[in-house]
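To start, the structure itself, in structure tokens.
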Amino acid sequence: MEEVGLRKTDANDSEFVFTVKKAAYREYVEQVWGWDDDYQRERHNREFASHDFHIIQFGETDVGFFITSSTSDTLKVNQIYILPEYQGKGIGSACMTRIIDNANFEQRYVVLQVLKVNTRGIALYQRLGFTIVGEDSIYFQMEKSPE
């Protein structure tokens with residue numbers, strides 16, 4: 001497999017990030033709320049201005065992104081999206097494994113929430129050792145304890 005790399009975003013990455021989210025997440029949003037392009041664009045602009053995004057690279061190609069945030073005892077995966085044509089190649093697993101390894105080193109829990117309709121995402125997180133620790137009508141909250 002080609003190397004999975006990461007880099008910080010810059011202002012020029014905003015459109016790429018929105019394109020990835022739309023390609024990877026739209027089908028799930030449509031199932032739950034319906035996709036409103038204007039609302040999603042406005043939300044993206046707020047998030048892009050206020051969060052640290054990391055671009056996921058496969059070889060030399062930008063293929064996705066993720067956002068994390070942390071507290072003293074948790075590392076939260078806020079978003080992780082990979083372009084559909086690069087899904088199923090181990091890229092998401094490689095990124096999540098890096099996140100988990102960093103959290104283990106710092107003795108932090110990794111937490112996230114995933115839409116219940118995203119069965120592929122749920123299966124990925126369970127394969128990586130996450131357990132469902134809560135739910136509401138739309139999301140499962142999942143957690144992985146530090147090793």
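What you see is a predicted model; the values in this text were computed from it and never measured.
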Restricting to non-hydrogen atoms, name the atom on A94 and the atom on V4 that form the minimum distance, rounded to 0.1 Å. CB-CG2, 4.1 Å

Please round to the nearest 0.5 Å and tell me the distance separating atom OG1 of T68 and atom CG of N102. 9.0 Å

Does any N or O in the side chain of E106 come within less than 3.5 Å of the main-chain N or O of A103, such that one atom is a donor and the other an acceptor? no

Are Y81 and F65 close enough that their ring centers fall under 6.0 Å? yes

Counterpart residues, ring pair (Phe, Tyr, Trp, His ring centres under 6.0 Å), relative to F48 (two or more places apart): H44, F53

Would L124 and Y109 show up in the same hydrophobic cluster when neighbours are defined by side-chain heavy atoms closer than 4.5 Å? no

Hey, quick one: are V111 and L115 part of the same hydrophobic cluster, counting side-chain heavy atoms closer than 4.5 Å, chains of contacts allowed? no

Would you say D37 and K22 make side-chain contact, with heavy atoms under 4.5 Å? yes

Hey, does E143 have a side-chain heavy atom less than 4.5 Å from the side chain of V110? no

Kindly work out whether a path of hydrophobic side-chain contacts (I/L/V/M/F/W/Y, heavy atoms less than 4.5 Å apart) joins V114 to V32. yes

Which residues pass the salt bridge (charged side-chain N to carboxylate O under 4.0 Å, His left out) test with K76, sequence neighbours left out? none

Tell me whether E60 at atom CD has more than 12 heavy atoms from other residues, nucleotides or ligands lying less than 6.0 Å away. no

Does any non-hydrogen side-chain atom of F18 lie less than 4.5 Å from one of R41? yes

Carboxylate-amine/guanidinium contact D36 R43, below 4.0 Å: no

I want to check something: taking the side chain as every heavy atom from C-beta on, are Q79 and K21 in contact at a cut-off of under 4.5 Å? yes

Which atoms form the tightest heavy-atom contact between F16 and V63, and what is the distance? CZ-N, 3.9 Å

Test log, rule side chain to side chain contact (heavy atoms under 4.5 Å, CB included), inputs H54 and T9: CA-CA 6 Å; H54 292 84; T9 55; over 6 Å; no

Measuring from R108:CZ to S145:OG, what's the distance to the nearest 0.5 Å? 15.0 Å

May I have the step-by-step check of side-chain hydrogen bond (donor to acceptor under 3.5 Å, both in side chains) for Q40 and R26, ending in yes or no? CA-CA 10 Å; Q40 292 297 331; R26 181 178 181 151; over 6 Å; no

Distance check, rounded to the nearest 0.5 Å: E42 atom CD versus E47 atom CD? 11.0 Å

Identify the heavy atoms of I80 and C95 that sit nearest to each other, and give their distance. CD1-CB, 4.0 Å

Within this structure, what is the NE2-CD1 distance for the pair H51 and I67, rounded to the nearest 0.5 Å? 5.5 Å

CG (L112) and CE (M142) are apart, to the nearest 0.5 Å, by 6.5 Å

When you look at CG of D101, are more than 12 heavy atoms from neighbouring residues, nucleotides or ligands closer to it than 6.0 Å? yes

Could you see if M96 belongs to whatever hydrophobic cluster contains L6? Use Ile, Leu, Val, Met, Phe, Trp, Tyr and a side-chain cutoff under 4.5 Å. yes

Where is the tightest heavy-atom contact between L83 and A23, given as atom of each residue plus distance? CD2-CB, 4.2 Å

Checking D73 against T71 for the side-chain hydrogen bond (donor to acceptor under 3.5 Å, both in side chains) test, could you report, in this order, the C-alpha distance in whole Å, the side-chain angles of both residues, the deciding distance, and whether it holds? CA-CA 5 Å; D73 62 343; T71 66; 3.2 Å; yes

Taking T74 for its side chain and S70 for its backbone only, find out whether a donor-acceptor pair lies under 3.5 Å. no

Output side-chain donor-acceptor pairs under 3.5 Å for residues 125-139, partner residues at least two apart or in another chain, one line each.
unit_1: E135; atom_1: OE1; unit_2: K116; atom_2: NZ; d: 2.5
unit_1: D136; atom_1: OD1; unit_2: I138; atom_2: N; d: 2.8
unit_1: D136; atom_1: OD1; unit_2: Y139; atom_2: N; d: 2.6

Close side-chain approach of I56 to D62, heavy-atom, < 4.5 Å: no

Can you check whether Q57 reaches E3 side chain to side chain, under 4.5 Å on heavy atoms? no

Rounded distance [0.5 Å steps], CD1 in I99 versus CG in L75: 6.5 Å

